[in-house]
Chemist: 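The structure under discussion is supplied below as structure tokens; questions concerning it will follow.
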Protein chains: 2
Amino acid sequence: MRLSEKKITTALKRHGYKLTPQRRAVIGAIASSPDHLTPAALYQKVRQDHPTIGLATIYRTLEILAKLELICELHAGGSCRSYTIAAPGHHHHLICADCGEVIDFSGHYLTELEERLCRETGFEIEGHLLEFIGRCQSCQQNA
Amino acid sequence: MRLSEKKITTALKRHGYKLTPQRRAVIGAIASSPDHLTPAALYQKVRQDHPTIGLATIYRTLEILAKLELICELHAGGSCRSYTIAAPGHHHHLICADCGEVIDFSGHYLTELEERLCRETGFEIEGHLLEFIGRCQSCQQNA
DNA sequence: GCTACAAATGAAAAGAATTATCATTTATAT
DNA sequence: ATATAAATGATAATTCTTTTCATTTGTAGC
Ligand SMILES: [Mn+2]
Ligand SMILES: [Mn+2]
Ligand SMILES: [Zn+2]
Ligand SMILES: [Zn+2]
């Protein structure tokens, strides 16, 4: 079950945000689509019923909804990368949200899950992305 | 053990890429840093020894090295998002690399791993990102 | 070492995505 | 109805990445 529009608008008000027609329109558009939508796609969709809405309002609304965890954000690939020399063999990342420290770790935790997903969805899985976000010891002390 | 510069340059040649001073410089810079570096950070670093290198060359080199899996790409947060209404409860994503279809799935596969990482690193973990990338059934047939 | 040639480069422009600015409008509490 | 802070749309500014194209260069074959 996905969150209803009602639940979302209620949560917005509870957190002190005003309920504007523009915000209703964004929520309506995102709630009525089964797909993940990029900000640009959402802009197109909302403009069908609300032609004067500004793109900045789309971004501002998404930011709020994501912060309140009323919408689900997906890593869609694109401008958000950093690189390091590869270690032979697959590994994952533990990242400090404050200072950016990255710790590599490895293991085979996902094989079984991957097989289940293949069976159930028919997907042919090529790879995955697993990252933990948190706070390193020294950043915990500084806070 | 991380890949050595030697291994990387050998792999480049093996795949038919020319070994230019610029590419050596990028490889040297990335190999000599323990951190994950953004393209911009890498550009700064390489320019210290190679002031005339173009930013486009940095991007072009990173693209090749990533494709050959000689460097490790990290999702650094930022401009690469799409959204959907949140489902109550945590879930993850299975994404088709061809058509973009997204399938949600859920489960508690990561609790044990998370605890181990906390113990071993002292991190306080706040969240994680788990996405599988692959090809959906219909895109497999069309290929 | 020379030659030929495709590949690679740097400079610059173009493009895409996101954020900031600011005058105007509007939701909401009183 | 009024007051007020919050929100909006238009626009400009930023930031990040890719494209274009004339020039240079690495390398395979002699
Ligand atoms: Mn890594
Ligand atoms: Mn989702
Ligand atoms: Zn930290
Ligand atoms: Zn597909």
Side-chain angles (χ1 to χ4, degrees), chain A residues 8-30 36-68 70-71 73-83 100, chain B residues 8-30 36-68 70-71 73-83 100:
Chain A
I8 294 176
T9 53
T10 303
L12 264 191
K13 298 216 67 170
R14 179 156 35 87
H15 286 86
Y17 292 100
K18 289 183 179 174
L19 200 47
T20 66
Q22 291 88 344
R23 284 178 180 163
R24 284 181 190 281
V26 171
I27 293 166
I30 203 171
H36 276 254
L37 298 172
T38 61
L42 203 47
Y43 182 46
Q44 298 301 331
K45 195 168 183 220
V46 172
R47 284 215 294 181
Q48 291 172 8
D49 288 334
H50 204 300
T52 64
I53 196 169
L55 180 57
T57 297
I58 303 286
Y59 277 101
R60 288 187 284 233
T61 304
L62 288 175
E63 191 180 4
I64 293 168
L65 296 176
K67 190 173 65 189
L68 300 182
L70 301 170
I71 56 176
E73 186 172 334
L74 175 80
H75 167 53
S79 330
C80 51
R81 33 193 187 182
S82 74
Y83 298 91
Chain B
I8 294 176
T9 52
T10 304
L12 266 190
K13 297 217 66 169
R14 178 157 33 87
H15 286 87
Y17 292 101
K18 289 183 179 174
L19 200 47
T20 67
Q22 290 89 343
R23 287 178 178 162
R24 284 179 190 281
V26 171
I27 293 167
I30 204 171
H36 277 253
L37 298 172
T38 61
L42 203 48
Y43 182 47
Q44 296 302 331
K45 196 168 182 221
V46 171
R47 284 214 295 180
Q48 291 172 7
D49 288 333
H50 205 299
T52 64
I53 196 169
L55 181 55
T57 298
I58 302 286
Y59 278 101
R60 289 187 282 233
T61 304
L62 287 174
E63 190 180 4
I64 293 167
L65 295 176
K67 190 174 63 187
L68 299 182
L70 301 170
I71 57 177
E73 186 172 334
L74 176 78
H75 166 55
S79 330
C80 50
R81 32 194 186 181
S82 75
Y83 297 92

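Any value given below was found using the heavy atoms of this structure, including those in side chains, with hydrogens, waters and symmetry copies removed.
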Chemist: Under 3.5 Å, which N/O atoms of the protein pair with N/O atoms of nucleotides 12-16 of chain C?
Modeler:
none

Chemist: Using whole Å, what does the distance between atom P of nucleotide C:dA8 and atom CD1 of B:I53 come to?
Modeler: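 After rounding, the gap between these two atoms is 14 Å.
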Chemist: With rounding to the nearest 0.5 angstrom, report the CG to CG distance, A:L70 to A:L62.
Modeler: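 Result: 11.5 Å between the selected atoms.
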Chemist: Measure from the side chain of B:R23, starting at C-beta and using heavy atoms only, and say which of C:dG10, C:dT9, D:dA7 lies closest.
Modeler: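 For the B:R23 side chain, the nearest candidate turns out to be C:dT9.
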Chemist: Working to the nearest 0.5 Å, report the span between CZ of A:R14 and CG of A:L68.
Modeler: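 The distance works out to 8.5 Å.
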Chemist: Please walk me through it: do A:I64 and A:R23 pass side-chain contact (heavy atoms from CB on, under 4.5 Å)?
Modeler: CA-CA 10 Å; A:I64 293 168; A:R23 284 178 180 163; 3.6 Å; yes
Chemist: What is the distance from CZ of B:R60 to P of C:dT9, rounded to the nearest Å?
Modeler: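 Atom-to-atom, B:R60 to C:dT9, this comes out as 7 Å.
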Chemist: Between CD1 of B:I30 and NE2 of B:H36, what distance do you get to the nearest 0.5 Å?
Modeler: 9.0 Å
Chemist: Regarding B:L55, tell me which of base, sugar-phosphate or nothing describes its non-hydrogen contacts under 4.0 Å with the strands shown.
Modeler: base
Chemist: For the pair made of CG in A:L62 and P in C:dA17, what is the distance, rounded to whole Å?
Modeler: 14 Å
Chemist: Go through the steps for B:I27 and B:R24 under the test side-chain contact (heavy atoms from CB on, under 4.5 Å), then give the verdict.
Modeler: CA-CA 5 Å; B:I27 293 167; B:R24 284 179 190 281; 5.8 Å; no
Chemist: Can you tell me the distance, in whole Å, between the CD1 atom of A:I64 and the P atom of C:dT19?
Modeler: 13 Å
Chemist: Quickly, which of A:V26, A:V46, A:T20 forms a side-chain contact (heavy atoms from CB on, under 4.5 Å) with A:T61? Name it, please.
Modeler: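 Filter result, single survivor: A:V26.
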Chemist: When you match B:G16 and B:P51 each to their closest nucleotide on DNA chain C, which lands nearer the 5' end?
Modeler: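 Nearest nucleotide further toward 5': that of B:G16.
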Chemist: Output the rounded distance in Å from OH (B:Y43) to P (C:dT9).
Modeler: 14 Å
Chemist: Going 5' to 3' through nucleotides 23-30 of chain D, assign each nucleotide B (protein heavy atom under 4.0 Å from a base atom), S (under 4.0 Å only from sugar-phosphate atoms) or - (no protein heavy atom that close).
Modeler: ---BS---
Chemist: How long is the gap from CD1 on B:I8 to NZ on B:K13, to the nearest 0.5 Å?
Modeler: 15.5 Å
Chemist: Checking side-chain contact (heavy atoms from CB on, under 4.5 Å) between A:R47 and each of A:T52, A:I53, A:L42, which is the one that passes?
Modeler: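 Between A:R47 and the candidates, side-chain contact (heavy atoms from CB on, under 4.5 Å) is satisfied uniquely by A:I53.
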Chemist: How many whole angstroms separate atom CG of B:L42 from atom C1' of D:dC16?
Modeler: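 Checked: the CG to C1' distance equals 15 Å.
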Chemist: Without decimals, in angstroms, what is the distance between A:E63 CD and D:dA6 C1'?
Modeler: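 A:E63 atom CD is separated from D:dA6 atom C1' by 15 Å.
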Chemist: Take the protein atom CZ of B:R47 and the nucleotide atom P of C:dG10, then report the distance between them rounded to whole Å.
Modeler: 11 Å
Chemist: Please check the phosphate of D:dT17 (OP1 and OP2 only) for any side-chain N or O of B:Y59 closer than 4.0 Å.
Modeler: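 Result: yes.
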Chemist: Please report the interatomic distance CG(A:L12) to CG(A:L65), rounded to the nearest 0.5 Å.
Modeler: 5.5 Å
